[in-house]
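All values below were derived from every heavy atom in this structure, side-chain atoms included, with hydrogens, water molecules and symmetry-related copies excluded. Treat the numbers as computed from the prediction; the structure is a model and nothing was measured.
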Amino acid sequence: MEEGEGIKSSNKPDIRISSPFSWRGDTFPPILDSETPDHLTRIRDLRIPYIFDIHTHFFPETVMKLIWRWFDNVNWAIGYRLPEMERVERLHHNGIKRFTTLNYAHKAGMASSLNDWTNANYKNWKGAVPFGTFYPEEGVLGYVKKGVEDFGFRGFKLHCEVSKLNLSRPELADTFLYLQEKQIPILIHTGTAPLPGEFTGIQFFKPFLETYPKLEVIVAHMGANEISAYASLLETYPNLALDTTMVFVDFLATGKVLDVDSAIPYLERYQNQIYFGSDFPNIPYNLNHPISRFLDLPISDLAKQKILYRNAENRFFK
């Protein structure tokens, strides 16, 4: 694998040392893949045929470069700054054989074209599970129906912080009711990490879920920085789930050490309602790091099997 832009030489200082986000410990995980990631043997020993990553991003190249520019401004080094097909190869290299195509709109008129782009390209990415997006605007229900009924999208992604999105916007009511009826899940970044937004946090999410109690929702990053508050809803709403994206790693953009460590018991208790996610390719370490850190957690082998593979497999392919 070639080194990505911004990480040209191992002789240069690691820019991650200047990140405004803190790290656990005094050393940084490797940012580039090893020839044979050591987690591959470990997942085979657990009888996991492959990893299903519920949280991977695919955007048109021009949009992805703008996203990477934001990460550059906070010294959030990205080793997977590669062309699309090479990124897909990196996923497979790490045993991730199924993965989502998450993207999101930050302004009106953008979501429908992102959906068209996803539909035109995802079949080229072996293992891709197509997700669409939407935005509170005229015609939203129409293009969401098109995504489900014509494109075969398996889910949708929303980002409350980037999109400045209030989930209670009346323009979205019919769309949420449609997705609830069709049992199409929405993966929502609604937590306050790594940065809070105008409409992020449990105080906005809980009334939304009460309005659409049977809507299938996956909360990104386990709802960090309010993991306990989001986890407390899992008993009441069996259709609610969390993903582990960037939680149990050495990079603490999604929580403090104490908060992250206290979330570990939820993985065992709610093992049927949690999915593994990585945030690939926008991660400041290689994929071995989040997978190995997850495998190190003091939870049962069965919980690891369900979270890394079986829950998502059962949800999207049964």
Side-chain angles (χ1 to χ4, degrees), residues 39-56 94-100 102 129 131 154-155 157 183-191 193 202 205-206 209 213-249 254-255 257-280 287-318:
H39 65 262
L40 295 178
T41 299
R42 299 178 69 185
I43 64 171
R44 281 196 296 270
D45 290 344
L46 288 172
R47 297 193 298 276
I48 296 173
Y50 58 81
I51 295 170
F52 196 134
D53 191 334
I54 199 72
H55 198 129
T56 61
N94 282 279
I96 298 170
K97 305 292 185 172
R98 293 198 201 265
F99 49 89
T100 53
L102 305 186
V129 179
F131 270 55
R154 303 295 186 95
K157 168 65 189 290
Q183 297 183 304
I184 302 293
I186 311 173
L187 197 157
I188 308 178
H189 183 130
T190 171
I202 194 71
F205 181 75
K206 189 174 180 181
L209 197 59
K214 295 184 179 180
L215 186 63
E216 296 200 16
V217 177
I218 303 167
V219 173
H221 310 288
M222 295 185 74
N225 290 303
E226 299 174 290
I227 294 175
S228 294
Y230 283 89
S232 71
L233 299 173
L234 292 171
E235 294 277 1
T236 304
Y237 299 96
N239 47 295
L240 177 66
L242 312 178
D243 82 29
T244 66
T245 303
M246 295 193 77
V247 177
F248 304 103
V249 293
T254 59
V257 171
L258 181 61
D259 295 334
V260 171
D261 290 349
S262 66
I264 295 172
Y266 297 133
L267 300 176
E268 190 72 44
R269 189 181 313 162
Y270 302 112
Q271 58 187 263
N272 296 321
Q273 291 169 266
I274 298 179
Y275 299 93
F276 173 80
S278 71
D279 231 343
F280 177 91
L287 281 164
N288 178 68
H289 179 65
I291 298 169
S292 291
R293 282 291 183 271
F294 179 81
L295 291 169
D296 289 341
L297 295 174
I299 60 175
S300 67
D301 289 352
L302 180 59
K304 292 174 183 178
Q305 291 167 359
K306 289 180 177 180
I307 294 168
L308 284 171
Y309 160 70
R310 196 181 299 172
N311 289 343
E313 185 70 17
N314 289 341
R315 174 60 192 81
F316 294 102
F317 291 97
K318 275 195 175 181

query: Any side-chain heavy atom of Leu242 sitting closer than 4.5 Å to one from Tyr270?
result: no
- line: To the nearest 0.5 Å, atom CG of Asp301 lies from atom CD of Gln305 at 6.5 Å
- prompt: With a 4.5 Å heavy-atom cut-off, do Glu226 and Phe205 have their side chains touching?
  reply: no
field: Distance (rounded to the nearest 0.5 Å) between Phe248 CZ and Ile291 CD1
entry: 15.0 Å
field: Min side-chain heavy-atom separation Ser292-Arg42 under 4.5 Å
entry: yes
task: Using the six-membered ring wherever Trp is involved, compare the ring planes of Phe317 and Phe52 and label them parallel, tilted or perpendicular (cut-offs 30° and 60°).
output: tilted
query: Considering residues at least two apart in sequence or located in another chain, which fulfil the ring pair (Phe, Tyr, Trp, His ring centres under 6.0 Å) criterion with Phe131?
result: Phe316
query: Which is it for Lys157 and His189 under the side-chain contact (heavy atoms from CB on, under 4.5 Å) test, yes or no, and what are the steps along the way?
result: CA-CA 8 Å; Lys157 168 65 189 290; His189 183 130; 4.3 Å; yes
field: pair Leu295-Leu46: side-chain heavy atoms closer than 4.5 Å
entry: yes
query: What distance do Ile274 atom CD1 and Ile307 atom CD1 have between them, rounded to the nearest 0.5 Å?
result: 5.0 Å
- request: Begin with the C-alpha distance, continue with both residues' side-chain angles, and end with the deciding distance and a verdict on side-chain contact (heavy atoms from CB on, under 4.5 Å) for Phe276 and Asp53.
  value: CA-CA 6 Å; Phe276 173 80; Asp53 191 334; 4.0 Å; yes
message: Are Leu267 and Phe294 packed together at the side-chain level, in the sense that at least one heavy-atom pair is separated by less than 4.5 angstrom?
response: yes
task: Hey, could you give me each pair passing salt bridge (Lys or Arg N to Asp or Glu O under 4.0 Å) that has a residue in residues 257-278? Not counting sequence neighbours.
output: Arg24-Asp261
field: Distance-only side-chain donor-acceptor flag, Gln273 / Tyr237, under 3.5 Å
entry: no
- prompt: What distance separates Lys304 NZ from Leu302 CG, expressed to the nearest 0.5 Å?
  reply: 11.5 Å
- prompt: With no hydrogens and no angle check, is any side-chain donor or acceptor of Ser300 less than 3.5 Å from a backbone partner on Ala303?
  reply: yes
- request: Verify, without hydrogens or angle tests, whether Thr100 (side chain) and Val129 (backbone) share a donor-acceptor contact under 3.5 angstrom.
  value: no
- prompt: Is the closest side-chain heavy-atom distance between Leu187 and Leu102 below 4.5 Å?
  reply: yes
message: To check you understand the geometry: which heavy-atom pair defines the closest contact between Ala263 and Ile227, and what is its length?
response: CB-CG2, 3.7 Å
field: Leu240 vs Tyr230 side-chain heavy atoms within contact, under 4.5 Å
entry: no
statement: Interatomic distance, CG@Asn225 vs OG1@Thr254, rounded to 0.5 Å, equals 7.5 Å
statement: Here the pair of heavy atoms bringing Asp279 nearest to His221 is OD2-CE1, 3.4 Å
- prompt: Below 4.5 Å, heavy atoms only, C-beta onward: do Asn94 and Ile51 meet side chain to side chain?
  reply: no
task: Could you tell me the separation between the NE2 atom of His289 and the CE atom of Met246, rounded to the nearest 0.5 Å?
output: 8.5 Å
- request: Please name the pair of heavy atoms, one in Gly277 and one in Thr244, separated by the smallest distance, quoted to 0.1 Å.
  value: N-OG1, 3.2 Å
